Amino acid sequence: MPSAQLIDGKAVATDLRAAVAARVGGMYARLGLRPGLAVVLVGEDPASQVYVRNKHKQTEACGMQSFEHRLPADTAQADLLALVARLNADDAVDGILVQLPLPRQIDAQKVIEAIDPAKDVDGFHPINAGRLATGQPALVPCTPLGCLMLLDRTLGAEMAGRHAVVIGRSNIVGKPMAQLLLGRDCTVTIAHSRTRDLAETVHGADIVIAAVGRPEMVRGFWIKPGATVIDVGINRLPPAAAGGKDRLVGDVNFEEAKAVAGHITPVPGGVGPMTIACLLSNTLQAACARRGIDMATL
Ligand SMILES: Nc1nc2c(c(=O)[nH]1)N[C@@H](CN(C=O)c1ccc(C(=O)N[C@@H](CCC(=O)O)C(=O)O)cc1)CN2
Ligand SMILES: [Mg+2]
C-alpha cells in the first residue's frame, strides 16, 4: 500500500519561530524595541488555557513582551470592551488577541470589531478580512496562514491552476483560506455542511483543506490519489480503552487518507503548531508596520 509523505508542521513551526526570534533580536539590537503581544482569556475553558499558556511561553521565548489578561467567566461584555480599548491605547502593545470561544454573554463579533485593525494579529477584523479579499496587505488569520506556508513548502509554484477544495466556511479558517488559495492561482471550491455530493466534490481536488470540526469525517475513498491533504481539525475523543488518555484526531480519517494522498498533515503535529508560530510572525509584522520599520532590514 503506498503511503503519503507527512507534512511536518512541528518542524516548519520551529523554523518560523527561529526566523521571528532572529528579527526580534535585530529590532532590539538596532532600535531598543521589543514587540508586545497581549492575550486575553475569558473563563476557564481547559483547551483555551493550554493554548494561552503556550502563546505566553513562545512569545517570551522569541524575545517579545507577553501581556496576559485573565478575566472571570462571568465578565460583562462592557468590561471586556473596556480592556480592549486600554490595549488599543497602550503603545507597548503591538498585537491584541482575544482567545475564542468566548462565554455566551459576550458577542465575539463586537469584541473583534473593537480591536484596532493595526493590532489585530488574529486577522479577524472586517478591515483585515476586506484587505485580504481585495489583495491588499493585511494581517491574515493564523491558522489559514500556517496552512498556506505548509502548502508553499510542499507544492510551491505547482499550486497554480490546481483545484483546491476547502471544507468549512468559517470566518476564521474557511473563508480566509479560500482567499489565500486564490492568491496562489488555485481554482477554489468552498464546500460545507449543506454541500451535496461532498465526497464527489472532494474527489475532484488536488488540494483538500478540511476544517469542518467533525472527527474523521473525510474518508480515504474521498481523496484523489496523490492529492495534498491539510487537516485543520483538532477533535478530542475519549480514550479508546479504559484507563487510556484522550485521543486527538483531525477532520480526516488519517489512516485511510494516508494510503491514497501524496502529502498529508498529521494531527497532532501538523497545522496546530503553525497557528502559534504565525501569531508570533503576525505580531512582528504588526510591530514593524505600526512603527514604520521595514521588516526585511532587521
Ligand atoms: N483568538 C483565537 N482563538 C482561537 C484560535 C485562534 O487562532 N485565535 N485558534 C484555536 C485555538 N488555537 C489557538 O488559539 C490553537 C489550536 C491548536 C494548537 C496546537 O498546537 N495544536 C496541537 C495539539 C495541541 C493539543 O494537544 O491540544 C497540534 O495540532 O499539534 C495551537 C493553537 C481556537 N481559538
Ligand atoms: Mg495538527
Side-chain angles (χ1 to χ4, degrees), residues 6-14 16-17 37-59 61 66 68-71 80 83-84 87 95-103 106-115 119-125 128-129 139-150 168 170-177 180 209-213 215 229-237 239 245-252 254 264-283 286:
L6 286 194
I7 302 174
D8 187 348
K10 214 170 153 184
V12 179
T14 301
L16 178 58
R17 286 198 308 272
L37 171 64
V39 173
V40 182
L41 174 62
V42 186
E44 270 133 42
D45 177 74
S48 293
Q49 287 185 330
V50 173
Y51 300 141
V52 166
R53 199 176 319 129
N54 288 341
K55 285 172 188 184
H56 172 72
K57 277 197 217 151
Q58 293 183 30
T59 302
S66 170
E68 223 181 82
H69 296 266
R70 289 171 179 262
L71 304 178
L80 178 56
L83 172 59
V84 169
L87 297 173
I96 303 170
L97 177 144
V98 178
Q99 188 66 30
L100 300 177
L102 285 167
I106 296 175
D107 178 345
Q109 194 57 32
K110 281 229 162 65
V111 176
I112 287 166
E113 290 181 19
I115 296 172
K119 297 188 177 188
D120 168 38
V121 284
D122 254 334
F124 297 161
H125 193 288
N128 281 311
L139 286 162
V140 174
C142 303
T143 298
L145 182 59
C147 294
L148 184 74
M149 288 182 185
L150 296 179
S170 70
N171 290 339
I172 290 171
V173 181
K175 287 179 196 158
M177 189 72 243
L180 291 170
I209 312 284
V212 260
V229 178
I230 306 288
D231 190 351
V232 177
I234 298 178
N235 307 289
R236 221 166 280 276
L237 299 185
K245 277 188 176 173
D246 282 3
R247 286 178 305 136
L248 215 55
V249 300
D251 291 347
V252 176
F254 181 77
I264 189 166
T265 57
V267 176
V271 173
M274 291 300 293
T275 297
I276 299 182
C278 287
L279 170 66
L280 304 177
S281 174
N282 278 355
T283 303

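Since the structure is predicted, the reported quantities are computational estimates derived from the model, not experimental observations. Along the sequence shown, residues carry numbers from 1. Every number for a ligand or one of its atoms is a count from 1 in the order of the listing. Computed from heavy atoms alone, side chains included, the values below leave out hydrogens, waters and symmetry copies.
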Mark yes or no for whether K119, through its side chain, and L87, through its backbone, hold a donor-acceptor pair below 3.5 Å. yes

At less than 4.0 angstrom from any non-hydrogen atom of G269, what atoms of ligand 1 do you find? 28 (C), 29 (O), 30 (O)

Heavy-atom gap L97 to ligand 1 smaller than 4.0 Å: yes

Which atoms of ligand 1 sit under 4.0 Å from any heavy atom of K55? 13 (C), 14 (O)

Output yes when a side-chain donor or acceptor of T275 lies under 3.5 Å from a complementary backbone atom of C142, and no otherwise. no

Identify which of L145, D122, V40 has a heavy atom lying nearest to atom 6 (C) of ligand 1. D122

Between D251 and V212 (side chain of the first, backbone of the second, donor and acceptor by atom type, cut-off under 3.5 Å), is there such a pair? yes

Among V249, I7, V267, I264, which residue satisfies the side chain to side chain contact (heavy atoms under 4.5 Å, CB included) criterion with D231? V267

Heavy-atom contacts with I234 under 4.0 Å: which atoms of ligand 1 show up? List them by number with element. 16 (C), 17 (C), 21 (N), 29 (O)

Tell me whether ligand 1 is touched by C142 - counting only heavy atoms on the residue side and a distance under 4.0 Å. no

Below 4.0 Å, non-hydrogen atoms only: which portion of L248 touches ligand 1? Side chain, backbone, both or neither. side chain

Is the shortest heavy-atom distance from the side chain of N282 to the side chain of L280 under 4.5 Å? no

D122 side chain to L97 backbone, donor-acceptor under 3.5 Å: no

Got a second to check how far R17's CZ is from Q58's CD, nearest 0.5 Å? 4.5 Å

Treating D120 as the side-chain partner and F124 as the backbone partner, does any N or O pair qualify as donor plus acceptor under 3.5 Å? yes

Subset of ligand 1 atoms that lie under 4.0 Å from at least one heavy atom of V98: 1 (N)

Answer side chain, backbone, both or neither: which part of K10 comes under 4.0 Å from ligand 1, heavy atoms only. neither

Examine the proximity of ligand 1 to T275 and report which part, side chain or backbone, both or neither, has a heavy atom under 4.0 Å away. side chain

May I ask you to check whether Q99 has an N/O atom sitting below 3.5 Å from an N/O atom of ligand 1? yes

